[in-house]
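Computed from a predicted structure; not experimentally measured. Position 1 is the first residue of the sequence; numbering continues from there. One-based numbering, in listed order, for ligands and for the atoms of each.
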Amino acid sequence: MEKIEVLNIELDNYTKEELLIELLESVKNNRKRFLVTANPEIIMMARQNPEFAGAIQSADYVVPDGIGLIIGSRIIGHPLKERIPGVELVEELLKISDENNLAVYFYGAKPEVLKRLLDSVNKKYPGIRVAGSSDGYTSSPEAVAKQIESKSPDIVFVAMGAPKQEEWIYRHFKNYSKGIFVGVGGSFDVLSGTVKRAPVIWRKLNLEWLYRLLRQPSRWRRMMLLPTYLLAVIRDSLKRKPPNE
Ligand code: UDP
């Protein structure tokens, strides 16, 4: 599949549907895959932190979660097909897991959020085999890694926000023989019903980020990265253009 480079990070140009078909294929063949749901904050973190950049570059798939990446790809003249929001990816993967009786591990979020999420998964997706779970504030991430190693689940959701979730996956990925490992940020908060996703109209207008900012003003510091990101993309796209164009 085609890759589109935005500020040195190669993004996979899939629709959500295409990606899901490939992931199910990987699960059926017991392959292991590392998937990053990227946004401008992740791209900027990678620019500042070579080790984190290495983790992202090692992933099998990097897909655009934030609208900022779609805009970035248009600026450089190689538009990505569509946004793949992490929370929708989790929902679709849960449906697939239910239908195919897959073993899923849930790692991340606050203890009460995780509990609520597991209750709802058990009710809504009875076909899923819950291989295990741990909240994202455990004192022993290594113990979680070991537990996952012994259970060998088909899918592992890691919901601790970037860069923590990608760094954890990167550190342990080599120890696993199979499984889809995916960093899914605040998805457990949304899917447990703890945090509301933006209403559809906000999403259609590509203003989901603004809705989240208004609900959680503490996010503003992270949002400050956006203008810097856009400027960097524009500068990069000008550099790429041959002279006289
Ligand atoms: N989180 C966690 N462990 C930590 C820090 C954060 O499990 O040490 C969880 C937090 O409870 C929340 C998620 O990670 O559920 C991060 O959510 P956020 O909205 O910041 O992530 P984003 O989707 O923006 O990457």
Could you verify whether a donor N or O on one side chain and an acceptor N or O on the other, from Ser140 and Thr138, lie under 3.5 Å apart?
->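 Not at all, the side chains of Ser140 and Thr138 share no donor-acceptor pair under 3.5 Å.
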
Are a donor atom and an acceptor atom from the side chains of Gln147 and Tyr105 found within less than 3.5 Å of each other?
->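 Yes, because at least one side-chain N or O of Gln147 sits under 3.5 Å from a partner of the opposite role on Tyr105.
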
Element-labelled atoms of ligand 1 that are located less than 4.0 Å from some non-hydrogen atom of Arg212 =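 The atoms of ligand 1 under 4.0 Å from a heavy atom of Arg212 are 19 (O), 23 (O), 24 (O).
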
Partner of Ile42 under side-chain contact (heavy atoms from CB on, under 4.5 Å), picked from Leu225, Leu69, Asp65, Ile56, is Ile56

Can you tell me which residue and heavy atom of the protein come closest to [atom], and the distance to 0.1 Å?
| atom | answer |
| --- | --- |
| atom 12 (C) of ligand 1 | Asp189 OD1, 3.2 Å |
| atom 9 (C) of ligand 1 | Ala159 O, 3.5 Å |
| atom 13 (C) of ligand 1 | Gly185 O, 3.6 Å |
| atom 7 (O) of ligand 1 | Ala109 N, 2.9 Å |
| atom 8 (O) of ligand 1 | Lys164 NZ, 2.5 Å |
| atom 23 (O) of ligand 1 | Gly186 N, 2.9 Å |

Counting both backbone and side chain atoms, is some N or O of Gly136 under 3.5 Å from an N or O of ligand 1?
->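 Min N/O separation from ligand 1 is below 3.5 Å for Gly136.
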
Would you check the N or O atoms of Val184, main chain and side chain alike, for any that come under 3.5 Å of an N or O of ligand 1?
->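 N/O-N/O distance under 3.5 Å: no.
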
Any cation-pi pair here, Lys32 with Phe173, using under 6.0 Å and within 45°?
->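 Pair Lys32/Phe173 counts as cation-pi.
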
Tightest non-hydrogen contact, residues Ile155 and Ser97, listed as CD1-OG, 3.5 Å

Of the side chain and backbone of Arg222, name the one, both, or neither that has a heavy atom under 4.0 Å from an atom of ligand 1.
->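 Under 4.0 Å from ligand 1, Arg222 contributes side-chain atoms alone.
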
Going by heavy atoms, is [X] under 4.0 Å from ligand 1?
| X | value |
| --- | --- |
| Tyr137 | yes |
| Arg219 | yes |
| Glu41 | no |
| Gln216 | no |

Are any of the side-chain nitrogens in Arg33 or Glu22 under 4.0 Å away from the carboxylate oxygens of its partner?
-> no

Mind telling me whether Phe188 and Phe157 have parallel, tilted or perpendicular rings, with 30° and 60° as the class edges?
-> perpendicular

For the pair Tyr176 and Trp168, name the ring-plane relationship: parallel under 30°, tilted 30 to 60°, perpendicular over 60°.
-> tilted

Are side-chain heavy atoms of Leu35 and Phe181 found at a separation under 4.5 Å?
-> no

